[in-house]
Amino acid sequence: MSLEEQKVELSKLGVQESKKEKKTQKKGLADLPRVDGEVVLRFAPNPSGPLHIGHARAACLNQEYVKHYGGKLILRVEDTDPRRVDPEAYQMIPEDLKWLKVDWQEEVIQSDRIKIYHQYAEELIGLGQAYMCTCPGDEFKTLKDRCQACPCRDQSPEENLELWKKMPEMREGEAVLRVKTDLNHKNPAIRDWVAMRIVEKEHPRIGDDFKVYPMMNFSVAVDDHLMGVTHVLRGKDHLANSEKQKYLYQHFSWKIPEFIHYGRLKMEDIALSTSQARKGIEDGVYQGWDDPRLGTIRAIARRGIMQEAIQELMLEIGVKIADSTVSWKKIYGLNRNLLEDKSNRYFAVLNPVKVEIQGLPESLKGNIERLKHPDYPDGGVRELPFDGVVYLDQEDLENNRSKVLRLMDAVNIFIGDEVTYHSASLEEARKSDARIVHWVPSSSNYQVELVMPDARISNGLIEPASHEIKVGDVVQLERVGFARLDSIKDDKLTFYYAHK
RNA sequence: GCUCCGGUAGUGUAGUCCGGCCAAUCAUGUCGGCCUUUCGAGCCGAUGACUCGGGUUCGAAUCCCGGCCGGAGCACCA
């Protein structure tokens with residue numbers, strides 16, 4: 001019996017269909033679980049370098065949720081490991097966030113709060129939920145793997161407090177403060193994790209005021225609680241950490257925030273972590289953090305990718321826990337949609353070959369005007385002086401041997417042993433099935449350099465009106481592709497190529 | 001190895017919680033055609049996916065079991 005037939009039969013019997021309402025599906029981002037009024041979210045990077053595309057996901061999503069529910073976003077710089085701090089990152093992170101158009105209402109740096117973590121550590125000892133452990137790491141691990149307590153675990157809070165006070169005088173590795181969890185927890189990683197440890201290394205930002213530093217799991221949980229964070233968006237690599245942190249919340253009788261874990265974001269052709277990128281920069285393989293081959297926000301920005309494209313992409317990817325691989329084609333597609341309407345057009349010829357058109361009627365020489373944007377005449381025109389001597393792309397010449405070629409908005413030429421004037425009108429060009437190509441006047445042009453995504457450089461010439469392009473603008477070099485003006489030096493413009 | 005988690009078109013994503021309206025959404029890509037003084041855009045069309053095998057059920061992308069594949073964690077990093 002089909003569903004319809006069943007319904008008919010049921011209604012004959014007088015049975016009403018019970019309506020189970022399904023959640024109405026909104027477009028866009030999935031709802032956050034258990035939202036009660038406004039939300040407090042945080043973006044909490046480690047200052048080990050500039051932000052990369054993976055950070056952009058967390059930042060954009062946090063931003064979007066705050067916008068959607070109301071509330072605030074906290075920027076929290078997590079620099080509790082002096083060895084993993086790049087001092088420049090303190091500037092680079094806010095810069096990158098601004099480029100991403102992410103706003104935060106509060107900003108804290110964890111190295112300003114070491115004393116707070118010490119206070120809570122002490123309190124936890126007082127509660128009997130943490131103990132000073134002086135076991136060598138490997139011995140503790142052996143015991144832990146067997147679900148056995150180490151001798152230190154039975155110390156009284158007083159004994160622990162005494163050791164805690166001495167901790168600043170101890171050497172690195174001699175002692176740690178452990179949080180009591182469950183020694184029988186099936187994941188050994190969760191068992192009695194480290195809350196505080198000794199680091200004998202000057203902190204790049206706060207110097208050597210402290211030797212006892214919190215572990216990320218401790219400072220994060222304390223801060224999330226103190227700052228009233230309601231929802232924690234983090235990568236699934238933090239799954240075990242979320243569980244570790246839950247013990248701390250329970251020990252302090254704090255309300256546990258909602259943890260949401262998203263999957264790994266890979267980027268096509270870019271498998272570079274911050275540390276690998278750093279090494280490449282130090283070794284001179286990459287020119288810097290904004291080398292076009294890197295997956296950093298600044299590299300992507302430099303390539304002419306718009307913030308909106310990244311934003312759209314991140315919203316689309318959302319928070320699901322399955323991993324995803326971002327393809328450049330997807331980014332290019334989104335970006336092209338944004339750029340198409342607002343990018344002015346210019347002629348740039350790569351691999352230029354100088355061509356003198358023989359037999360060009362004098363009357364056809366003069367200034368040629370062409371719309372800056374074919375769809376928007378109000379955007380104005382650029383002028384190209386045309387005197388019969390032009391630069392053409394070597395490839396266009398080679399591909400059109402013994403054929404008619406039309407120079408856009410100018411004349412039709414024939415590519416024989418010499419290049420000769422053929423005709424003037426577009427109709428003639430159509431009749432001859434001529435390819436229509438861009439060109440650069442030989443009498444007036446600038447040098448141009450185009451840096452490709454793989455960092456290779458193409459050289460050529462660009463039309464004179466290009467002087468009006470501002471650094472940072474993205475334009476379309478006709479028949480070449482979209483490119484962002486990166487710098488102007490003397491008479492040379494350097495563009496970074498985005499995509500077709 | 002141990003613990004946990006995933007697998008929808010080339011890529012991303014909706015649908016999975018609560019089985020039927022899903023011969024499965026949208027985006028991007030790709031391929032045709034039209035159009036266009038750009039190889040860009042636009043218009044029209046096409047393409048293409050529920051990891052596999054069992055089970056439950058009238059009915060499974062959706063629930064259960066197993067396989068396969070993939071990922072994360074197993075730090076005195078974050």
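For clarity, every value in this text was computed on a predicted model and none was experimentally measured. Chain letters run A, B, ... following the sequence lines, proteins first, then strands; residues in each count from 1.
Checking the phosphate oxygens (OP1, OP2) of B:A41, a side-chain nitrogen or oxygen of A:Arg336 falls inside 4.0 Å. Note on A:Arg370: every side-chain N or O is 4.0 Å or more away from OP1 and OP2 of B:U37. Under 4.0 angstrom from either OP1 or OP2 of B:A72 there lies at least one side-chain N or O belonging to A:Arg264. Look at A:Arg191 and you won't find any side-chain N or O under 4.0 angstrom from OP1 or OP2 of B:G73. The phosphate of B:C77 (OP1 or OP2) has a side-chain N or O of A:Arg197 nearer than 4.0 angstrom.
At the heavy-atom level, A:Asp396 lies under 4.0 Å from base atoms of the strands shown. Within the nucleic acid shown, A:Thr80 comes within 4.0 Å of sugar-phosphate atoms alone, with no base atom in reach, counting heavy atoms only. Across all strands, A:Phe347 comes closer than 4.0 Å to no nucleic acid atom at all (heavy-atom distances). In this structure, A:Met196 reaches neither bases nor backbone, as no heavy-atom distance under 4.0 Å exists between it and the strands shown. Within the nucleic acid shown, A:Pro45 has no heavy atom closer than 4.0 Å to any nucleic acid atom.
Atom-to-atom, CG of A:Asp138 to P of B:C74 comes out at 18 Å; the value is rounded to the nearest Å. Counting to the nearest Å, the C1' atom of B:U38 and the CD atom of A:Glu395 are 15 Å from each other. In this structure, A:Tyr117 atom OH and B:A78 atom C1' are separated by 13 Å, rounded to whole Å. Residue A:Leu364 contributes atom CG, which lies 19 Å from atom P of B:U37 at whole-angstrom precision. At whole-Å resolution of the value, CG in A:Asp182 and P in B:C74 are 19 Å apart. Rounding to whole angstrom units, CD1 of residue A:Ile190 and C1' of B:A72 are separated by 13 Å. What separates NE2 of A:His499 from P of B:U30 is a distance of 12 Å, to the nearest Å. For the pair A:Asp375 CG and B:C43 P, the computed distance is 12 Å after rounding to whole Å.
When each of A:His438, A:Glu463, A:Glu383, A:Glu478 is checked for a side chain to side chain donor-acceptor pair (under 3.5 Å) with A:Arg370, only A:Glu478 meets the rule. Shown are A:Glu316, A:Glu312, A:Glu268; of these, the salt bridge (charged side-chain N to carboxylate O under 4.0 Å, His left out) with A:Lys330 is made only by A:Glu316.
The side chain of A:Asn337 sits closest to B:U28 out of B:U28, B:A78, B:U37. Comparing B:A27, B:G73, B:U38 by their closest approach to the side chain of A:Glu316 singles out B:A27. In the set B:G12, B:C76, B:G40, B:G40 carries the atom at the smallest distance from any side-chain atom of A:Arg345. Taking only side-chain atoms of A:Gln476, from C-beta outward, the nucleotide of B:G71, B:C74, B:G40 with the closest atom is B:G40. Distance from the side chain of A:Ile317 is smallest to B:G12 among B:G12, B:G73, B:U38. The side chain of A:His238 approaches B:A78 more closely than any other nucleotide in the set B:A78, B:U13, B:G29. In this structure, of B:A78, B:G71, B:U37, it is B:U37 that holds the atom nearest to the side chain of A:Asp409.
Look at the P atom in both B:G20 and B:A61: the space between them is 10 Å, to the nearest Å. To the nearest whole angstrom, the two P atoms, one in B:G66 and one in B:C4, are 13 Å apart. Taking the C1' atom of each, B:U16 and B:C64 are spaced 14 Å apart, rounded to whole Å. For the P atoms, the distance from B:C21 to B:A60 is 11 Å, rounded to whole Å. Taking atom P on both B:G67 and B:C5, the two are 15 Å apart, rounded to the nearest angstrom. Comparing B:U8 with B:C52, their C1' atoms are spaced 15 Å from each other, to the whole Å. Of the C1' atoms belonging to B:C31 and B:C68, the separation is 33 Å, rounded to the nearest Å. Comparing B:C22 with B:G6, their P atoms are spaced 26 Å from each other, to the whole Å.
Taking the six-membered ring where the residue is Trp, A:His118 and A:Phe210 present perpendicular rings, their angle passing 60° and hence far from 30°. The aromatic rings of A:His185 and A:Tyr247 lie perpendicular to each other, with more than 60° between the two planes, well past the 30° mark.
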| request: State the dot-bracket string of RNA chain B. Criteria: Watson-Crick or G-U wobble, both atom distances under 3.5 angstrom; notation: ( ) intrastrand, [ ] crossing earlier pairs, | interstrand, . unpaired. | output: (((((((..(((.......[.....)))((((((.......))))))...(((((..]....))))))))))))....
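Taking A:Lys431 as the reference, A:Glu428 meet the salt bridge (Lys or Arg N to Asp or Glu O under 4.0 Å) condition, with sequence neighbours excluded.
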Are there any protein N/O atoms within less than 3.5 Å of an N/O atom in nucleotides 5-11 of chain B, and if so, which ones and at what distance?
from  : atom 1 : to       : atom 2 : distance (Å)
B:U11 : O3'    : A:Thr325 : O      : 3.2
B:U11 : O2'    : A:Thr325 : O      : 3.0

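With 3.5 Å as the limit, one finds no donor-acceptor pair spanning the side chains of A:Glu243 and A:Asn187. For the 3.5 Å distance criterion, the side chains of A:Tyr131 and A:Asp192 qualify, holding a donor opposite an acceptor. Using modelled atom types and a 3.5 Å distance limit, the side chains of A:Asn335 and A:His499 yield a donor-acceptor pair.
Comparing A:Lys186 and A:Val220 by the nucleotide of RNA chain B whose heavy atom lies nearest to each, the residue mapping closer to the 5' end is A:Lys186. Closest-nucleotide positions on RNA chain B for A:Leu407 and A:Ala240 were compared, and the one nearer the 5' end corresponds to A:Leu407.
Considering all non-hydrogen atoms of both residues, A:Val381 and A:Lys372 come closest at O-CE, 3.4 Å.
In this structure, A:Arg382 forms a cation-pi arrangement with A:Phe347, its terminal cationic atom sitting closer than 6.0 Å to the ring centre and no more than 45° off the ring axis.
Of the possible polar contacts, none joining the A:Asn445 side chain to the A:Ile462 backbone as a donor-acceptor pair under 3.5 Å is found. Formation of a donor-acceptor pair under 3.5 Å by the A:His373 side chain with backbone atoms of A:Arg345 is not found in this model.
Heavy atoms of other residues, nucleotides or ligands lying less than 6.0 angstrom from CD of A:Glu395 number 12 at most.
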